[in-house]
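In this text the structure is predicted, and so the values were computed from the model without any measurement.
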Amino acid sequence: MMELDLMHPSYDSRDSDDEYEKFIRRMNPPRVVIDNESCARATVVRVDSANKYEILLEVVQVLTDLNLIIIKAYISSDGGWIMDVFNVTDHEGKKIRDETTIKLIVDCIQKSLWADSSFLPSRRRSVDFAPSSDYTSIELTGTDRPGLISEVSAVLTDLKCNVVTAEIWTHNNRAAGVMQVTDEVTGAAITDLEKLSRIKELLCNVLRGNNKTRGAKTAISMGVTHTERRLHQMMFADRDYQRTGQELVDETMRPKVSVVNCYDKDYSVVTIQCKDRPKLLFDTICTLTDMQYVVFHANADGEGPEAYQEYYIRHIDGFPINSEAERERIIQCLEAAIERRVSEGLKLELCTNDRVGLLSDVTRIFRENSLTVTRAEVSTKEGKAVNTFYVRDATGNQVDARILDSIRQAIGQTVLQVKEVSRSAPQESPTRFLFGGLFKSRSFCNFGLAKSYS
């Protein structure tokens with residue numbers, strides 16, 4: 001039998017931990033059970049598996065990516081085994097009855113739990129100038145200001161780049177975005193190193209703006225990443241949780257986060273109360289995980305307008321929170337994680353034929369009409385661009401109807417679906433359709449931006 005030299009320079013105890021983890025999973029394969037009988041309002045998803053670092057986040061991430069709403073969760077993972085229960089619905093508040101969807105839930109969770117993983121948290125690293133074969137991924141962080149997305153989009157258009165997908169968040173006067181772009185000529189990833197260097201340089205200049213105290217970063221990345229988790233990591237690394245005092249914040253609407261130590265059990269207990277919204281559980285667990293805390297027990301309730309979450313945690317080193325500074329940092333970071341996805345004002349949905357420069361043209365029109373974009377989701381599918389923009393007046397006031405009319409004149413025949421969004425009411429108000437009357441389903445996708453603007 002070959003002996004393992006624990007003193008050899010090549011030996012890493014983490015390798016041993018990882019191999020042991022894999023062995024335990026092979027002996028005790030994960031089990032996922034879907035139950036539509038025990039709960040009147042929701043489908044119950046039960047997950048039993050050998051424990052590993054980040055396993056809770058992986059399960060919640062799968063459920064969130066499958067567009068499910070988690071209305072309750074019960075977490076127990078103290079020791080070598082986890083037993084997690086999630087009550088989920090679709091976006092209409094109905095149980096999951098479709099057998100194909102149920103099978104997809106089971107398959108995706110099991111696939112995620114079977115994937116190899118290291119014991120220590122894996123933070124995806126940016127690798128400059130190493131794009132995938134399909135597109136080039138660009139990561140951006142910098143100082144937020146009115147018109148920033150328009151300026152970034154204009155630079156990419158000038159450099160003959162087509163934005164395929166993008167997600168951009170703003171919080172506490174900081175902005176972060178993940179954009180997938182292709183070369184206008186080839187329709188594939190950008191491989192010209194000189195062009196990549198030029199993209200990085202120009203975007204960094206735009207992101208920096210006039211802010212001399214806070215930096216800006218641009219990275220060209222390879223591979224596939226989970227965009228929303230990456231955005232949380234980027235904003236956390238950019239310290240957006242540090243308030244400057246210049247933010248437009250309604251203090252009465254801030255989430256209530258508290259952290260106390262449970263000395264009998266050697267845990268720290270984190271409680272959160274805030275307005276409920278989709279993906280809230282993912283956002284909080286993602287942040288705790290990236291801060292290298294392990295959740296041993298938890299329960300979450302989001303059945304009403306108010307959400308309540310309680311976590312029993314320790315740091316990955318096995319110790320509870322041991323200083324006031326650490327406690328305050330957790331509170332700040334969780335507040336930021338909750339607030340990053342909250343939007344006020346108007347939600348504008350655009351669906352039209354995709355073309356190079358579309359994002360630049362749309363955001364330019366917003367900027368020229370004194371609208372600032374607080375969050376954006378851009379996607380392209382089968383030649384159609386489906387874009388969602390959360391916008392507000394650049395001065396922080398409610399958007400004037402005359403400005404919307406001006407946007408209609410500038411955009412021409414494009415149809416926008418406009419919804420009111422309010423922090424005090426997490427459920428969106430009934431849809432109002434502007435720019436051409438009522439349309440059903442996705443028929444407004446047939447309209448396109450006018451080729452010229454007046």
Side-chain angles (χ1 to χ4, degrees), residues 29-49 54-77 81-115 226-229 272-286 295 297-311 338 341-343 347 349 377 379 381 386 388 417 419 421-422 425-431 440-442:
R31 189 168 70 104
V32 182
V33 176
I34 307 296
D35 174 9
N36 266 319
E37 303 300 326
S38 60
C39 179
R41 290 193 53 208
T43 297
V44 179
V45 180
R46 296 188 177 90
V47 181
D48 298 336
S49 174
E54 296 190 355
I55 192 170
L56 174 59
L57 175 58
E58 290 175 6
V59 176
V60 172
Q61 184 171 297
V62 168
L63 295 174
T64 302
D65 289 346
L66 291 173
N67 214 25
L68 301 176
I69 303 296
I70 303 173
I71 61 174
K72 281 183 180 291
Y74 308 92
I75 312 301
S76 179
S77 58
W81 196 256
I82 69 160
M83 293 178 288
D84 296 345
V85 180
F86 303 92
N87 290 8
V88 304
T89 68
D90 62 18
H91 272 259
E92 295 180 351
K94 298 178 181 178
K95 287 186 176 184
I96 314 303
R97 299 287 191 182
D98 179 67
E99 290 298 326
T100 301
T101 303
I102 290 174
K103 184 177 185 303
L104 182 63
I105 294 171
V106 174
D107 289 347
C108 288
I109 293 177
Q110 288 183 332
K111 182 179 179 181
S112 174
L113 298 183
W114 270 111
H226 189 277
T227 299
E228 293 176 335
R229 183 173 184 197
I272 300 171
Q273 289 178 278
C274 63
K275 294 294 180 182
D276 190 31
R277 60 164 175 77
K279 301 187 179 183
L280 178 63
L281 188 66
F282 168 79
D283 292 339
T284 53
I285 291 176
C286 181
V295 176
H297 302 282
N299 68 83
D301 188 342
E303 285 195 291
E306 292 282 338
Y308 176 83
Q309 297 178 1
E310 183 179 62
Y311 300 97
I338 295 167
R341 211 190 289 265
V342 172
S343 301
K347 176 183 178 182
E349 296 177 345
E377 300 169 6
S379 62
K381 186 175 182 180
V386 183
T388 301
Q417 185 179 0
K419 296 182 179 181
V421 181
S422 172
Q427 300 298 322
E428 294 171 351
S429 64
T431 303
K440 293 183 179 180
S441 185
R442 299 173 67 90

Nearest 0.5 angstrom please: Lys279 NZ to Asn67 CG, how far?
7.0 Å

Between Thr43 and Ile102, is a side chain to side chain contact (heavy atoms under 4.5 Å, CB included) present by the stated rule, with each step listed?
CA-CA 10 Å; Thr43 297; Ile102 290 174; 5.8 Å; no

Here the gap from Asp276 atom CG to Ile71 atom CD1, rounded to the nearest 0.5 Å, amounts to 9.5 Å

Note: Thr64 and Phe282 closest approach over all heavy atoms is OG1-CB, 3.7 Å

Hey, mind stepping through Leu57 and Arg229 against side chain to side chain contact (heavy atoms under 4.5 Å, CB included) and telling me if it holds?
CA-CA 10 Å; Leu57 175 58; Arg229 183 173 184 197; 3.4 Å; yes

Which of these passes side chain to side chain contact (heavy atoms under 4.5 Å, CB included) with Gln309: Thr284, Ile285, Asn299?
Thr284

Distance, nearest 0.5 Å, that separates CG of Asp301 from CD of Glu310
11.5 Å

Asp283 and Ile338: side chain to side chain contact (heavy atoms under 4.5 Å, CB included), yes or no, with the steps?
CA-CA 7 Å; Asp283 292 339; Ile338 295 167; 5.8 Å; no

May I ask you to decide if Ile96's main-chain N or O and Asn36's side chain share a donor-acceptor pair within less than 3.5 Å?
yes

Is there a donor-acceptor pair closer than 3.5 Å between any side-chain N or O of Thr89 and the backbone N or O of Ala42?
no

Leu56 side, atom CG; Ser76 side, atom OG - distance, nearest 0.5 Å
11.0 Å

Heavy-atom closest pair, residues Ser49 and Trp81:
O-CD2, 3.3 Å

Go through Val47 and Glu58 one step at a time and tell me if the side chain to side chain contact (heavy atoms under 4.5 Å, CB included) criterion holds.
CA-CA 12 Å; Val47 181; Glu58 290 175 6; over 6 Å; no

What are the two closest heavy atoms between Glu306 and Cys274, and how far apart are they?
OE1-O, 3.2 Å

Under a 4.5 Å cut-off applied to non-hydrogen side-chain atoms, are Leu280 and Ile272 in contact?
no

With distance as the sole test, does Ser77 use its side chain to make a donor-acceptor pair with the main-chain N or O of Val295 at under 3.5 Å?
yes

All heavy atoms of Glu349 vs all of Thr388, minimum pair found to be CG-OG1, 4.0 Å

To the nearest 0.5 angstrom, please state how far the NE2 atom of His297 sits from the CG atom of Asp84.
11.0 Å

Arg31 side chain vs Arg46 backbone, donor-acceptor pair below 3.5 Å
no

Answer yes or no: is there an ion pair linking Asp107 with Lys103, defined by an N-O contact shorter than 4.0 Å?
yes

CD1-CD1 distance between Ile109 and Ile34, expressed to the nearest 0.5 angstrom:
6.0 Å

Any non-hydrogen side-chain atom of Phe86 less than 4.5 Å from a side-chain atom of Val60?
yes

